[in-house]
Structure formats: structure tokens, C-alpha cells
Amino acid sequence: MPVTHPHIINLLQCIDLEEKEQVKRYSLDQQHTLKSLKAEGLALHPIVVARKNFGYADYPEISFRLNFPAETNQFKDGAAIECFYAGEEPVKGVLISLDGKAGEFRLFAPDFPDWIEDKGVGIKLAPDQRTTTIMKAVLNGLENNPALFKLFKHLHDHSAVEKSYNNIISHALSFKNQFLNESQQQAVAAITQNENITIVHGPPGTGKTTTLIEAIIQLIKEGEKILVSAPSNTAVDNIAKGLIAQGVQVLRIGNTSKVDETIFLHTPEGKLSNSKQQKEIKELKIRAEQFRKMALKYKRSFGKTDREQRNLLFKEVKNIRTEIKNLQAYNEEKLYKEADVILGTPIGLYDAKINHLLFHTLVMDEAGQCIEPLAWCIFLLAQKYVLAGDHFQLPPTILSNEAAQLGLNQSILEKSIVSIDNIFLLNTQYRMREAIAGFSSIYFYKGLLQTASHLKNVGAHISFIDTAGSGYNEEQGSNGISLQNEGELQIVQKLISAEVLDPLKTAFISPYAGQVAAAKEVLPKEMRVSTIDSFQGQEKEVIILSLVRSNDDGVIGFLKDYRRMNVAITRAKEQLFVIGDSATIGADAFYNSFLSYVEKQGVYKTVWELE
């Protein structure tokens, strides 16, 4: 039966547009040279292979390092990649992790390519066809699921409700965490009374993870089985660690290669590591390895008969690996039933094929980073939903401008907050000094965001260094795509020296990848240097923010997305330095308000005062 609801049709169209844009952007061809892909941060080349091993389901896994500074913002955990080498067929895979200049990826192949350790190997982003296929299948079946389709229509057809933050009486709950503030207690109570969707609006530093952990413990007390998800592995692991510390029976599924020892013991692999079944899997892996070695005797240049023999051996390897996966799935079934909480990314949970189990509540953290179609993939697994996040932070990243205009970059949180009135604001932040949090509180959170008493101001914690009239203008970066501002980097170096800043406690962030690439060349190697987008969810004692834009026309580009600025100015705990040109940004009402705020609450300097 064809889809009839216009909003489902629209989302399917968006996914098609995004898929086409991914294919176009990630292709390595005459229009998209390796040089241009590297310049856009879509390829890492060359990589140095540090270690090879067979990991999950006996897939080849490669640890690598980069011997050069690179903009890796778009290489997120779980990203679809291709490993390539000139003149050879690329091999599809998935990025497991990338931290600084060291990373790891898994290849969907029976073995390592012959050329994997040759000079000139690289990885590039690839279209994530697996995720888009799953999202399309779920959306196409949505109208056949009455309960879910009713919710979908409510979110899309329901007229907008007045956004307000609720209060609720914390009914007779016995809180395990005795240190929750009033707003956190109210959010926990609301989640336990939830019948449909509850939204926990957690601005930076308000203890969102702490609140969700307490709520999950309360739900388990009431006999519920819980699903926990988030778009990033880091967010999933943060909640997993908190629940494990509280003695909760958890099962963390999905990417287990990079989890720490605490979490590994609560993954299927960790729980089954000493079991009889695991010995059987080990024997199968040894058999697969024997066939693999036999196949490897046939080198690159061989005749037709040798090629057929090699293919047969690799086919046998593939069959054994399928058997390993099936055996793992069989063994994991018991673990799924025993766990009170199962955690994973949306695709990790979908792939686990746990839709036959009854889950009462799905708790989604970082819901402001989850595109709507991805959320529906796991909404069908539960009966009630808790969406936690901050819709005033950056939305999900979408490549297709057309798909973004049609709404694909609107997160499930942003979509829900319009028509759901069950919203609870965590209203006390524990991360940063009051002066740093103050502007965001006024502009984004209606002045409702308070600061914990121990962080009330003593001295100045926010500074603006104004480059107006200095001639420190923006310019095209060396890659010809992004902007940079050399003058602002000179100021950063003077600041580090004048303020005696510890590079390990300081981060440099900027909206422009070109500025970040240039900064990596001149700033201390031990200092964290990142785009704002890549630094979302992180924090440092000291943040230096370079705005870059400085021109005679007052053009500020994507500084216009004020949510990016909200992310940027809420990363610092003790000291925030913002460097920019007031003549360029001051014509914009938002930035004019920010400059006025700094003059009242912090330190406003001209560039000459640093000389």
C-alpha cells in the first residue's frame, strides 16, 4: 500500500535528496579529486596503519594514525567510510573512532586488502546507504502501525502549543540520588508519570545525564524495561557508566571496540567472554583464519583457476563468519531478556532485532542531534518516550541544502517541542561561571537558567577582544573553501602568553574549518583546537573563540545561526575569550546584544591593548 501522509512523503523525499547529495559529495572522480576531498575534510590521506586484527563477527579492523594536522569534524563515530588505494577497488567499512590523530575502522570484507599497508592508503566518507535504507523502510511502514502513526500525526498535524516549562509535584518518590535540585526532581517525577512523551530540556551543564540516570532507576523500580539511545556513542556510554555505577543490570550493544573496561563487561561480548558458546565461536574463528591463510597464498597476479580457488576459500570464510554472527545473535537473546536497560545508538538498537521484546520507555539523550526519520526507527520499539536535549544547541548535520530547507535538519526534539506541552526545564547550571552563562540565559532561556551558588561571579570571566580598525581581515584559507583570519591567530598567541594560559586546560574553537586548520599549525600541540560543531558537548577551563569574520560589508555568513554561538560561549568553565570585529558583527542585533553584555559583565578590550 503506497504512503499517503504528506509529511511521510516529504521525509522520504528528503532522505532521497540527502542520499544523492552524499553520493555526489563523497565521490572520488574527475570532478572530486583527492585533493579537493581532503580540502573539504571528507578524506584522510595518507593514513599509517598501526595495527590490524579481526574484531566483532571476525570483521577486519584497522587502527591507524595521521602524521599531519587534519580537519576531522565530519568523521564521526559510526560514519560510513571507504578505504581506498589508487588503482584498486575501494572497500566499504565503518569508522569506529577517531580521536585527534589516532583512529580505528572496520571493513565489511572477508579479509584485509593486499594493499592495506602500502604507502598512499586513505579513507574517505561514503554514502550511508544502510541507515537511509532502514529509515525509508520504517517510514514506508509507519501508516500500518496505528499507535505510532497516531503519534506521528500528533507531532505533524497538531497545532503548536504555547511553549512553557511545567512544574509537577514530586509525588512520594524515594530518590536514590539525594543531591538532585528541585527542577531535576520534578523532571524525574514527570518521567515516572509519563504516558506519552516527556521532554527534559537540559541546557549545558544542568545535570541532564544525572537526571536521566535517576529517572531510569525509578522506572526500573516500577517494573519497567528501558531502552536508552543517543545519536553518538559517547552519550550512550556516559549514561551506561552512570547506570553501571548504580548497580543497574545494563546491556550496551553496538560499537564495543573502543569502550572502556567498565562498559565492556556489560556488552554481549564482555558478558559471554568466558562462556561455553564463546569457545565454540573461537573455534569457528580459527577455522575462518585457516581458510583465510590458504586464500592468501594466492597473490595479486594469478590465473583464472587460482582466482576461482581463492574466491571459493573466501566464500567459505564468509560462510563461517555468518555462522559466527548467527551464534552470537542466539547467545545474545538471553542477555536481552535479562537486562533491565538496553543501550545503543538508534541503528545499533535497530540492528539488534529486539522488536519482539516489550520495552516500556525509550529514553533518548541528545535528541536535538537526532534527525526525525532516525528516531522513528526506534520509536517502534517502545510504548512511551523521554526526549532529552537542548533545541537551542546545534541541529543535526545535513549535507543537502534542499533537504534541510524541507526540514530534514529538524531534530526529533525540535519537532516534538512545538506540539508537546509536557516540557521540564533543568534550570540550574553547574558547569560555568555566572558571567559566562548569563548571556545565554537571557537570550535563549528567557532568563530562567540559574547558576549554582559556588559559581557566582568573583572577578571577570568573559572578555571580548575587538579587532575593529586593525586591518585583521578575513581571507580564503589555503584550501580555497573555508575562511581564516591570521590576525586573530596572532592575538590568540599573545593572549596565551599574556594570561599565562595552560595549553592543557585551554581549547581554541572557531566556526570556520580554515581557521582551525591554520590554528593547528601555530598553536601549542597539546592544546585542543576544534571547530565549534566538533566541540559540542565538551568543555574546558578556558575557551578562546575566534569569530574570523571581518569585512567592510558586515557579512557574517553562518555566524547567523545563533545556536552555533550558544554552543561556543557555553564551553568554558572559568574563562571565555571571544575575538572578533565589532564593526562587522555589531550590525546584527544578536551580536550587538552580546557586545553590550560583555561591556557590562566582563572585559572589553581593543586589539591595541594587547600590544
Side-chain angles (χ1 to χ4, degrees), residues 160-224 226-230 235 238-239 242-243 245-246 248 341 360-368 382-393 411-414 416-432 434 437 440-442 444-456 570:
V161 296
E162 182 64 34
K163 269 191 274 186
S164 62
Y165 299 113
N166 292 341
N167 287 317
I168 196 168
I169 295 166
S170 305
H171 66 314
L173 279 181
S174 173
F175 292 103
K176 187 162 187 183
N177 185 340
Q178 297 296 310
F179 300 101
L180 297 180
N181 65 41
E182 181 61 30
S183 69
Q184 291 169 333
Q185 288 183 12
Q186 285 184 357
V188 171
I191 290 169
T192 62
Q193 296 171 42
N194 176 36
E195 295 296 330
N196 188 11
I197 292 185
T198 291
I199 292 171
V200 177
H201 181 193
T206 51
K208 188 161 46 77
T209 304
T210 303
T211 304
L212 294 179
I213 287 165
E214 178 68 32
I216 291 164
I217 288 168
Q218 296 294 336
L219 291 173
I220 292 167
K221 266 196 216 171
E222 294 180 10
E224 291 203 12
I226 314 294
L227 268 181
V228 173
S229 192
N238 283 342
I239 295 184
L243 292 171
Q246 296 296 325
V248 176
V341 182
H360 300 88
T361 299
L362 164 66
V363 176
M364 180 179 275
D365 196 9
E366 285 188 350
Q383 301 168 321
K384 304 177 291 181
Y385 314 97
V386 177
L387 301 179
D390 184 9
H391 52 296
F392 297 129
Q393 301 278 304
S411 69
I412 187 63
L413 179 65
E414 215 176 332
S416 302
I417 213 155
V418 175
S419 50
I420 299 295
D421 58 0
N422 208 22
I423 306 169
F424 292 83
L425 174 75
L426 303 181
N427 66 8
T428 306
Q429 67 86 17
Y430 299 88
R431 172 189 284 169
M432 61 205 109
E434 188 176 32
S440 279
S441 176
I442 295 162
F444 293 99
Y445 307 109
K446 301 178 182 175
L448 298 172
L449 187 60
Q450 303 162 25
T451 293
S453 56
H454 68 285
L455 292 169
K456 299 285 185 184
T570 54

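For the atom pair Ile226 CD1 and Ile239 CD1, the distance stands at 11.5 Å (nearest 0.5 Å). Atom CZ of residue Phe392 and atom CD of residue Glu414 lie 9.0 Å apart, to the nearest 0.5 angstrom. Going from atom OG1 of Thr361 over to atom CD1 of Ile191 covers 9.0 Å, rounded to the nearest 0.5 Å. Atom CD1 in Ile197 sits 9.5 Å away from atom CG in Asn422 (nearest 0.5 Å). Note that CD1 of Ile420 is 9.0 Å distant from OG1 of Thr198, once rounded to the nearest 0.5 Å. Once rounded to the nearest 0.5 Å, the distance linking CD1 of Ile199 with CD1 of Ile417 reads 4.5 Å.
Checked by atom type and distance alone, the side chain of Asn194 pairs as donor or acceptor with a backbone atom of Tyr385 at under 3.5 Å. Remark: side-chain polar atoms of Lys176 are paired, donor with acceptor, to backbone N or O of Gln246 under 3.5 angstrom.
Closest approach of Gln393 and Tyr445 over heavy atoms only: NE2-OH, 3.9 Å. Minimum heavy-atom separation, Ala367 to Leu387: CB-CB, 4.0 Å. Contact record, Gly242 with Ile213: CA-CD1, 3.4 Å, taken as the closest heavy-atom pair. For Gly368 against Ser411, the heavy-atom pair with the smallest separation is O-CB, 3.3 Å. Gly389 approaches Lys208 most closely through the heavy-atom pair N-CD, 3.7 Å. Looking at every heavy atom in both residues, Leu219 comes nearest to Thr192 through CD2-CA, 3.9 Å.
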Would you be so kind as to tabulate the donor-acceptor pairs closer than 3.5 Å made by side chains of residues 423-432, with sequence neighbours excluded?
residue: Asn427; atom: OD1; partner: Ser183; partner atom: OG; Å: 3.2
residue: Gln429; atom: OE1; partner: Arg431; partner atom: N; Å: 2.9
residue: Gln429; atom: OE1; partner: Met432; partner atom: N; Å: 2.9
residue: Gln429; atom: NE2; partner: Met432; partner atom: O; Å: 2.8
residue: Gln429; atom: NE2; partner: Thr451; partner atom: OG1; Å: 2.9
residue: Tyr430; atom: OH; partner: Asn181; partner atom: ND2; Å: 2.8
residue: Arg431; atom: NE; partner: Glu539; partner atom: OE1; Å: 2.9
residue: Arg431; atom: NH1; partner: Thr570; partner atom: O; Å: 2.6

Tell me, with the steps shown, if Glu224 and Lys384 meet side chain to side chain contact (heavy atoms under 4.5 Å, CB included).
-> CA-CA 11 Å; Glu224 291 203 12; Lys384 304 177 291 181; 2.6 Å; yes
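Using bins of under 30°, 30° to 60° and over 60° for the plane-to-plane angle, the ring pair His391/His201 lands in the tilted bin.
In the model, Glu214 has a side-chain atom that pairs as donor or acceptor with a side-chain atom of Gln218 under 3.5 Å.
Put simply, the residue from Leu413, Val228, Ile412, Leu212 that forms a side-chain contact (heavy atoms from CB on, under 4.5 Å) with Met364 is Ile412.
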